[in-house]
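When a ligand or atom number is given, it counts from 1 through the structure's own listing order. Quick note: residue numbers are just sequence positions, from 1.
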Amino acid sequence: MADEKKMVGDVYFPAPEVIANAHIKDYEKVHAEALADLPGFWGKIATENFEWYQPWETVLDESNAPFYKWFVGAKVNIIHNALDRHMRTAVRNKAALLFEGEKGDTRVYTYQQLNYEVSKFASVLRSLGVQKGDRVTIYMGRIPELMIAMLACAKIGAMHSVVYGGFSTEALHGRIEDSASKVLVTADGAWLRGSIVPLKQIANEALERAGTIQSVVTVKRTGQEVEMVSGRDHWYHDLMALPIADPKAPTEVMDAEDPLYILYTSGTTGKPKAILHTHGGYMVGTATTLKWVFDIKADDIWWCAADPGWVTGHSYIVYAPLILGATSFMYEGAPTHPYPDRWWSMVAKYGITILYTAPTAIRGLMRFGESWPNRHDLSSLRLLGSVGEPINPEAWKWYHRVIGKEKCPIMDTWWQTETGHFMITPLPCVPLKPGSGTRGFPGVDLDVVDEDGEPVAANEEGFLVIKNPWPGMLRTILGDPDRYVQQYWTRFQEQGWYLPGDSAKKDEDGYIWVIGRIDDVIKVSGYRLGTAEIESALVSHEAVAEAACIGVPDELKGNIIKAYCILRQGFEGSEKLEMALRDHVGHEMGPIAKPATIDFVDSLPKTRSGKIMRRVLKAQALGQELGDLSTLAD
Ligand code: PRX
């Protein structure tokens, strides 16, 4: 173990009372025990903290690696642990969800009420013909019905495929088509910065291109006129008022390894991939990581400020807090609407005890200065969290001092859509260094290695690798198991290691410093975008023959998108065309995917086999050495 007194760099030691109160008081001991007997470690946790309809025969089956299986032979449904079992205890009457809309409207759902709504919607979905194993696409803003729809799918054994409400027509269409969803659940609109995101209108456009959807269920949120297609489209409130909406709907009995959901994410090449998670391992992994890292207690008010449309929301807004019987807070709108203290006013109003957000949000709020948070009583906060991209030490320190009043440890959690739950993360008892996620969660064995898989020297950059399986790991890419193997398990196939696609450094104390992606994924404001999808949106415009995108560092957003376009004959580059192309990407993909700048060029650097060398574009844009150009075609 790192000798605390001799630790290198800027170190923040946990206060004795924080350690005394924490679920896990000795990281080193628990981590060592877990590594010594991984199935024993997770098996014990799974037995003591969860209810299973039928126990497993094997905790971890590695016989067909990298297609690992967890809790093999067990029967379970994540909803049984997230809702059903709470109906027998006092948790039933506790608030599961506190909600505030952007306009200030509020709602509270107790566990009993949430279960009632979920059961009703589960039977509505059944009556629309949704069966175990079917896919349901959900495209909504941050409102309770989004959570209800997800939970209802899980309850009947259907896979939800949530498409982030900030995505647009083509992104939605592609994800519906790939998943072959039968039903789409959406809303008329979502409130954002005082205006309406026209979700139903975008969905209608996407559905003109997609054929598999038989029914659309629309939640009335914003109330403007929307076009409803007769026979296909229903209002959520109409269906929920019918006798078919049965509050006693049974929960489907699932195998632990049955799919829970798919979630699309960008990878190295081509279309987004449908990452598949399962009921059993994901349940154990998400709930345990939340409990230990954010030290959830019965009276906490937990605010994960992510969007449920991304994995952070799936794991830590929807599933893990409910499994733990915790109270969550959800806010619909923008952090700065109507003023830059909106978030801080809600921390005070609801007595938020733990806040978990992204560095980009912290940097965005930091810009407005300290007077906005200082106006509010933030004394209820006891822990803070960060996720989605590396947090720069200045933002960490501001968050620590101005928001956490120097008493709240910051849990900088590194993980991915694929990992399902936290992988590199402090626990409250661990000394912190601003900008580092510290070490592996107990049982997660990781390292930073060179091309050959040899550990690199301290503070040198290398590939981050994960050396052993974990319960919430993705099981496959739906419909493309070869790509699953290729993308994650081939680079270090001999060693059997998982490749996350990030570069990192490890310091003298064994602390991990994640640097960023090594592939064609761009993180914009913490959102994960693939260059391929943005490029194909650009090329779908009549003026563009070829396009390439790269991410360039940005103080606020982490990265911004820079695009290069070769135009078709008859078109000329102009500011007007640049604007038109940006709008076109916004329309097809969504506002977050809009390139910040577009350069019109005559050629792009390519390999002899025709692959665009984005690395060269990036080096050029950043004024760096161009590196090895031997594969460049001309
Ligand atoms: O590059 C890493 C970065 O986000 C990627 C995963 O993105 P996504 O699947 O969208 O999941 C985001 C939320 C879990 C990683 O490969 N990343 C995530 N968290 C951190 C991070 N980079 C540095 N520090 C983090 N805490």
Side-chain angles (χ1 to χ4, degrees), residues 162-164 166-167 262-268 272-277 282 285-286 289-290 293-294 304-317 319-320 356-363 384-393 395-396 399 410-426 432-441 444 446 448 461 463-466 470 472-474 477 487-488 498-505 511-530 533 551 553 557-559 592-593:
V162 180
V163 178
Y164 169 55
F167 274 141
I262 52 171
L263 182 57
Y264 285 87
T265 194
S266 322
T268 303
K273 310 163 287 188
I275 302 299
L276 186 135
H277 285 291
Y282 179 84
T286 53
T289 47
L290 181 63
V293 173
F294 285 102
C304 168
D307 194 284
W310 300 88
V311 75
T312 310
H314 280 57
S315 297
Y316 298 112
I317 296 178
Y319 290 108
Y356 182 41
T357 184
T360 191
I362 299 161
R363 291 192 297 261
L384 299 172
S386 174
V387 62
E389 51 178 329
I391 181 164
N392 42 315
W396 193 102
Y399 195 29
I410 298 177
M411 303 295 112
D412 176 4
T413 61
W414 176 94
W415 58 297
Q416 309 180 291
T417 309
E418 290 88 341
T419 71
H421 50 73
F422 310 147
M423 297 296 283
I424 304 174
T425 175
L432 305 172
K433 299 189 189 186
S436 167
T438 77
R439 317 228 335 244
F441 185 81
V444 175
L446 44 85
V448 179
E461 188 170 344
F463 298 100
L464 180 66
V465 292
I466 299 168
W470 61 100
M473 66 198 302
L474 78 163
I477 294 172
Q487 172 121 20
Y488 305 107
Y498 171 85
L499 182 81
D502 279 16
S503 67
K505 294 179 184 178
Y511 275 41
I512 306 286
W513 300 72
V514 171
I515 296 165
R517 301 290 306 186
I518 49 172
D519 54 10
D520 295 325
V521 169
I522 309 179
K523 281 261 159 174
V524 181
S525 301
Y527 295 129
R528 178 165 164 183
L529 299 169
E533 239 191 328
K557 297 182 170 174
N559 294 283
I592 47 162

Which bit of Thr413 gets closer than 4.0 Å to ligand 1, counting heavy atoms only: side chain, backbone, both or neither?
backbone

Atom OH in Tyr511, atom CD1 in Ile424: separation rounded to 0.5 Å?
12.5 Å

Is the gap between the ring centers of Tyr164 and Tyr527 under 6.0 Å?
yes

With a 4.0 Å cut-off on heavy atoms, does Gly501 reach ligand 1?
no

Taking only non-hydrogen atoms of Arg528 and a 4.0 Å limit, the atoms of ligand 1 in range are 6 (C), 7 (O), 8 (P), 9 (O), 10 (O)

Exactly one candidate in Trp415, Tyr264, Phe167, Tyr316 meets ring-ring contact (aromatic ring centres under 6.0 Å, His included) with Trp310; the answer is Phe167

Below 4.0 Å, non-hydrogen atoms only: which portion of Gln416 touches ligand 1? Side chain, backbone, both or neither.
both

If we ignore angles and hydrogens, is there a donor and acceptor under 3.5 Å between the side chains of Tyr356 and Thr413?
yes

Please say whether Val387 places an N or O atom under 3.5 Å from an N or O atom belonging to ligand 1.
no

Quick one, Trp513 and Pro390 - any side-chain contact, counting heavy atoms below 4.5 Å?
no

Hey, does Lys273 have a side-chain heavy atom less than 4.5 Å from the side chain of Glu418?
yes

Atom of Val524, atom of Ile592 and distance for their closest heavy-atom approach:
CG1-O, 4.1 Å

Numbering the atoms of ligand 1 from 1, which are under 4.0 Å from a heavy atom of Val514?
22 (N), 23 (C)

Ignoring hydrogens, what is the shortest heavy-atom contact between Gly309 and Val162? Give both atom names and the distance.
CA-CG1, 3.6 Å

Nearest heavy-atom pair of Thr286 and Thr289: which atoms, and what distance?
O-OG1, 2.9 Å

Counting both backbone and side chain atoms, is some N or O of Arg517 under 3.5 Å from an N or O of ligand 1?
yes

Please say whether Thr312 places an N or O atom under 3.5 Å from an N or O atom belonging to ligand 1.
no

Tell me, which protein residue and heavy-atom name are nearest atom 1 (O) of ligand 1, and how many Å apart are they?
Asp502 OD2, 2.9 Å

What's the shortest distance from atom 6 (C) of ligand 1 to any protein heavy atom, and which residue and atom give it?
Trp415 O, 3.6 Å

What is the nearest protein non-hydrogen atom to atom 12 (C) of ligand 1, stated with its residue, atom name and distance?
Lys523 NZ, 3.5 Å

Note: ligand 1 atoms sitting under 4.0 Å from heavy atoms of Pro390 are 22 (N), 23 (C), 24 (N)

re atom 3 (C) of ligand 1, the protein heavy-atom contact at minimum distance is Gly388 O, 3.3 Å

